[in-house]
Enquirer: 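Have a look at this one before I ask anything.
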Amino acid sequence: MINKNLFKHIYLYFGATELRASKSEVVATALTSVVGITCVLYFAKLIGSEIGSTALVEQNSYVVTSIAATAVLVFAVPHGTFSQPWPVIGGHLISAILGVTSATYIENNLLAAIVAVSLAILLMQQLRCIHPPGGATALGAVFSEDVVSTIGYGYVIYPTLVSCVTIVLVAFAVNYLFNWRRYPAHLFFRNSRKTIVSPADRKNEITNEDFFKALQDHDSYIDLSADAWMDIFDKAANHAEVDSHHPEKIQVQRFYSNGKLGINWQIRKVLYVSKLGKVHYKVIEGMGKNERGVCTKANFIIWAKFEVRKNVAGLWQKLAND
């Protein structure tokens, strides 16, 4: 008899996700993809004919390949990190500029391709706009010699910028018809806030089943595997067990978190403490960002779960309480 667990392990080793989208999500993906790709190709050809570049672009498949890959991400994974407007536009533009520059100043195509793609990856990481199809955009500039020699840096505007802006605008418009697919992702999360049960009122701990049910309720492809979500969940639970006591003293110009989950999370920076013992603070992250407030030192200590500081990756990290 065939062992079902064996098939499951093989399935996971190949990286197939266990999370399935609903039928409505599959239909929505298909519809938005058809409309989106049609609009991108139509407007790209329309604008290209106006500036006399359509023929050049049609003769070079490299130019179209990266935009097609972007369409897959934006229309199939609208809430993915790589699918958001800044990664889409910034990633392609950086890659296009580096591709044209490398093709112009480096005679050897292979070397030019290596330099263009490598630098594109580096800059996309630094500017927080990693977009995998951008690599194909850089390659398109290097290997599409007729395009670069004829329009040069115009390649950055057409077809690159024109296609990217079209994809983003179409994704915003067509996904607006589906309330669980609003694009950009921030628009969805901002408008989908539900009543949150405060930690004090909770009677049960969050379980793995609860966590995966929440992912399923999201009903959109998420570019992390089930194993990755489990790892994140377990590490978060472990971190919650460390340094969970409130700080004994509050120091000026330091950052403190209330340790809440979801929309109730907040980080405050202590600006100064008055002679009357009033703590003046500014909200740095989370609910009420950029707002200022005043409270007693005792109340601030009750609010503050622990001190935090940004690490080298720019993420807030819990510090051990003194």
Side-chain angles (χ1 to χ4, degrees), residues 13-16 33 36-37 40-41 43-45 47-77 80-168 171 223-225 228 312-314:
Y13 274 117
F14 273 95
S33 298
I37 295 172
V40 169
L41 294 178
F43 286 112
K45 187 172 183 179
I47 295 174
S49 63
E50 293 294 326
I51 63 178
S53 299
T54 305
L56 283 173
V57 173
E58 289 178 345
Q59 292 170 5
N60 294 272
S61 59
Y62 287 108
V63 179
V64 182
T65 303
S66 61
I67 302 303
T70 292
V72 173
L73 285 174
V74 172
F75 297 119
V77 196
T81 304
F82 299 149
S83 307
Q84 302 313 298
W86 172 234
V88 169
I89 297 174
H92 275 297
L93 289 184
I94 289 170
S95 300
I97 293 171
L98 290 172
V100 174
T101 302
S102 298
T104 302
Y105 295 102
I106 301 177
E107 294 185 2
N108 185 291
N109 279 354
L110 181 59
L111 179 59
I114 293 172
V115 171
V117 176
S118 299
L119 288 180
I121 293 172
L122 178 63
L123 283 181
M124 283 191 287
Q125 285 181 322
Q126 294 300 312
L127 297 177
R128 300 182 181 182
C129 57
I130 295 178
H131 189 64
T137 297
L139 286 178
V142 173
F143 290 112
S144 301
E145 296 178 352
D146 292 339
V147 172
V148 174
S149 62
T150 304
I151 62 177
Y153 285 98
Y155 172 84
V156 177
I157 305 301
Y158 176 82
T160 306
L161 180 61
V162 170
S163 299
C164 291
V165 171
T166 303
I167 283 181
V168 168
D223 40 5
L224 276 179
S225 68
V312 293

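Predicted model, so just to flag it, every value in this text is computed and none were measured.
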Enquirer: Apply side chain to side chain contact (heavy atoms under 4.5 Å, CB included) to the pair Leu161 and Val156, showing each step before the final yes or no.
Expert: CA-CA 6 Å; Leu161 180 61; Val156 177; 5.7 Å; no
Enquirer: Closest approach of Phe75 and Ile37, non-hydrogen atoms and distance?
Expert: CE1-N, 4.2 Å
Enquirer: Search all heavy atoms of Val74 against all heavy atoms of Ser83 and return the closest pair with its distance.
Expert: CG2-O, 3.8 Å
Enquirer: Pairs of donor and acceptor atoms involving the side chains of residues 110-128, under 3.5 Å and at least two apart or interchain, shall be tabulated with distances.
Expert:
residue: Ser118; atom: OG; partner: Ile114; partner atom: O; Å: 2.7

Enquirer: What distance do Leu93 atom CG and Ile157 atom CD1 have between them, rounded to the nearest 0.5 Å?
Expert: 7.5 Å
Enquirer: Say whether Thr160 and His92, considering side chains only, have a donor N or O and an acceptor N or O under 3.5 Å apart.
Expert: no
Enquirer: Heavy atoms only: give me the nearest Asn109-Phe143 pair and the separation to one decimal.
Expert: CB-CE2, 4.0 Å
Enquirer: For residues 95-102, which side-chain N or O atoms pair as donor and acceptor with protein atoms under 3.5 Å away, sequence neighbours left out?
Expert:
residue: Ser95; atom: OG; partner: Gly91; partner atom: O; Å: 2.8
residue: Ser95; atom: OG; partner: Gly134; partner atom: O; Å: 3.0
residue: Thr101; atom: OG1; partner: Ile97; partner atom: O; Å: 2.7
residue: Thr101; atom: OG1; partner: Tyr153; partner atom: OH; Å: 2.7
residue: Ser102; atom: OG; partner: Leu98; partner atom: O; Å: 2.9

Enquirer: Heavy atoms only: give me the nearest Gly90-Cys129 pair and the separation to one decimal.
Expert: C-SG, 3.9 Å
Enquirer: Compare all side-chain heavy atoms of Ile67 with those of Pro159 and state whether any distance is below 4.5 angstrom.
Expert: no
Enquirer: Please find the pair of heavy atoms, one from Gln84 and one from Pro87, that lie closest to each other, and give the distance.
Expert: O-CD, 3.0 Å
Enquirer: With side chain to side chain contact (heavy atoms under 4.5 Å, CB included) as the test, would you mind laying out the steps for Leu73 and His131 before giving the verdict?
Expert: CA-CA 9 Å; Leu73 285 174; His131 189 64; 3.7 Å; yes
